[in-house]
There are 2 protein chains.
Amino acid sequence: MTELPKGHPCEDCPVRPITICRRLDAVTLANLRALGTMQRLEPGQPIFHEGDPVRRVFMLASGSLKIYTLLADGRRQITGFMFPGDFLGISIDDEYAFTAEALVRSELWWFTRDAFDRFVEDNPKVERELYRLAAHELAAAQSQMVLLGRKTAAERLASFFLSLIARQELVVGEKQAEFDLPMSRLDIADYLGLTKETVSRMLAELRNRKFIRLMSQDRVQIIDRAGLQEMAAGFGE
Amino acid sequence: MTELPKGHPCEDCPVRPITICRRLDAVTLANLRALGTMQRLEPGQPIFHEGDPVRRVFMLASGSLKIYTLLADGRRQITGFMFPGDFLGISIDDEYAFTAEALVRSELWWFTRDAFDRFVEDNPKVERELYRLAAHELAAAQSQMVLLGRKTAAERLASFFLSLIARQELVVGEKQAEFDLPMSRLDIADYLGLTKETVSRMLAELRNRKFIRLMSQDRVQIIDRAGLQEMAAGFGE
DNA sequence: CGGGCACTTGATCGCCATCAAGCACTGTGG
DNA sequence: CCACAGTGCTTGATGGCGATCAAGTGCCCG
């Protein structure tokens with residue numbers, strides 16, 4: 001990555017660092033992991049802050065993280081959550097554009113940027129895979145724009161739950177009826193562009209409509225997936 | 001791109017098509033252009049619709065486009081505008097995830113997917129460049145999420161104007177004091193997650209604060225860029 | 001048990017959406 | 001040259017969704 005032709009034709013445009021955080025294939029992962037160092041994280045512990053120099057590339061092994069940006073007066077937008085297998089810190093710039101912080105006790109591997117770049121150079125398929133991963137991120141970002149720009153509070157929460165369970169099903173490899181909420185109500189709110197009170201109310205709303213059941217504070221059972229999907233897609237009722 | 005290893009490990013996850021629409025370097029462009037066909041577009045003419053099969057890759061030569069997604073009941077979110085030099089339709093999936101439509105009379109080159117893919121294979125640097133372009137898109141998408149999730153109406157418009165003029169300055173290569181608004185108030189609203197009325201009011205607000213001047217309906221002069229920047233960054237006043 | 005904290009629920013407020021004129025530019029025909 | 005639609009933008013009046021402010025509740029861990 002370091003030997004990417006710097007600038008040309010965009011060197012003066014406001015390039016900002018990028019997260020690529022979807023999964024690579026198993027073989028690549030194993031080879032890469034051999035180059036890395038493991039690190040434990042406590043809940044709330046930051047991995048890096050917005051503006052920090054980009055020195056390392058991270059891969060989450062267990063737990064979960066949040067990625068966020070702050071406005072001048074403290075308003076916060078969480079732009080993504082990360083789960084085991086996700087990559088973080090792969091960037092074409094020298095500063096992170098966001099802060100990354102552990103939600104729960106987590107483990108991650110880190111690699112120096114150089115080691116990671118060398119690995120990419122030695123594994124031609126990886127570059128292609130990285131592009132593929134970036135494409136996934138972009139598609140997700142676009143649906144999040146639709147969510148933030150045009151969906152109602154209830155629709156946002158429904159969409160969020162569906163994406164969380166889809167994600168978990170991808171990892172487990174089969175349909176699931178329940179999923180965890182490792183993040184707080186405030187984190188959910190800051191991801192969906194709402195307040196924690198509204199998240200709480202919409203949770204009650206989805207419960208009243210018999211779309212979901214709360215097994216505990218941080219575990220949700222899906223009762224009516226079709227109902228959730230209709231709501232997430234923006235059908236009136 | 002067609003020979004990207006299909007699936008593995010993401011084949012069952014909801015992959016959606018992706019736009020890559022920033023500039024490649026001049027040499028690459030010239031080589032690529034030789035493979036393409038030119039097409040003229042009238043204002044409002046669609047290039048493709050959400051759900052259409054991905055058969056071509058496009059490059060905008062002149063004019064401008066909008067990219068949007070619709071919800072079930074007709075709510076619309078514009079996820080991006082495209083300007084000369086931008087690429088469109090580069091995708092890892094077989095269906096477009098959005099609709100692309102000309103804002104004004106425009107010209108674009110198109111390439112068959114196969115021709116484009118062969119070109120990418122024959123030009124190893126291009127793959128790297130594509131990744132770089134995707135990274136730019138991702139950074140832009142993240143700031144748009146902050147805008148849509150946490151900024152006020154006035155802040156959104158200020159941010160939008162700054163990004164439009166930054167874009168134009170990138171093309172022209174020097175600082176500019178004025179820029180065009182090739183899109184309607186409704187398009188601006190659907191990009192910023194607002195209504196056309198609110199866009200109109202915030203335009204008046206920025207005018208009253210002496211941040212901008214309207215040279216005509218579709219041309220803006222920036223009077224106080226620092227003021228706009230503060231507002232866009234979310235400082236209280 | 002009890003203290004703390006996150007979450008829920010309730011009451012009120014405000015920003016922006018909605019509804020509704022009014023206005024300005026554009027083109028067209030008399 | 002002007003009447004006059006037609007269209008898109010602006011401005012005004014009102015309303016509603018979600019934010020804010022404020023209790024209340026349950027859960028976790030002492």
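In the text below, chain A, chain B and the rest are named by the order of the sequence lines, each starting its count at 1.
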* To do: Check every atom of D:dG18, D:dT10, C:dT9 against the side chain of A:L194 and return the nucleotide holding the closest atom.
  => D:dG18
* **Nearest-Å distance for atom pair CZ/P, residues A:R219 and C:dC7** => 17 Å
* Structure fact -> Separation of C:dT26 atom P from B:D218 atom CG, nearest Å, is 10 Å
* Applying salt bridge (Lys or Arg N to Asp or Glu O under 4.0 Å), run through A:R201 and A:E205 and close with a yes or a no. => CA-CA 6 Å; A:R201 275 184 255 269; A:E205 164 93 11; over 6 Å; no
* Calculate the interatomic distance between A:Q217 atom CD and D:dC29 atom P; express it in whole Å. => 12 Å
* To do: Indicate the atoms forming the closest heavy-atom contact of B:L70 with B:G74, along with that distance.
  => CD2-O, 3.9 Å
* Let me know the distance between CG of A:D190 and P of C:dC7, rounded to the nearest Å. => 12 Å
* Asked: In whole angstrom, what separates A:M202's CE from C:dG10's P?
  -> 13 Å
* Structure fact -> Between CZ of A:R185 and C1' of D:dT20 the distance, given in whole Å, is 20 Å
* Asked: Rounding to a whole Å, what distance do you find between A:R150:CZ and C:dC16:C1'?
  -> 11 Å
* Under 3.5 Å: donor-acceptor pair, side chain of B:R150, backbone of A:R75 -> no
* Given C:dC16, D:dT10, D:dG18, the nucleotide with the shortest approach to the side chain of B:T152 -> C:dC16
* Are A:R185 and A:L203 close enough that some pair of their side-chain heavy atoms sits under 4.5 Å apart? -> yes
* Asked: Are A:E230 and A:R209 within salt-bridge range, i.e. N to O under 4.0 Å?
  -> no
Contacts under 3.5 Å, N or O only, protein and nucleotides 18-24 of chain C:
| unit_1 | atom_1 | unit_2 | atom_2 | d |
| --- | --- | --- | --- | --- |
| C:dT18 | O4 | B:R201 | NH2 | 2.9 |
| C:dC19 | N4 | B:E197 | OE2 | 3.1 |

* To do: Among A:D190, A:D187, A:T79, A:T99, find the residue that satisfies the side-chain hydrogen bond (donor to acceptor under 3.5 Å, both in side chains) test when tested with A:K66.
  => A:D187
* Asked: With side chains defined as the heavy atoms from C-beta onward, is the minimum distance between B:L32 and B:F87 less than 4.5 Å?
  -> yes
* **Residue whose nearest DNA chain C nucleotide is more 5′ - A:K196 or B:G193** => A:K196
* Tell me: CG of A:N208 to P of C:dT8, nearest whole Å? -> 12 Å
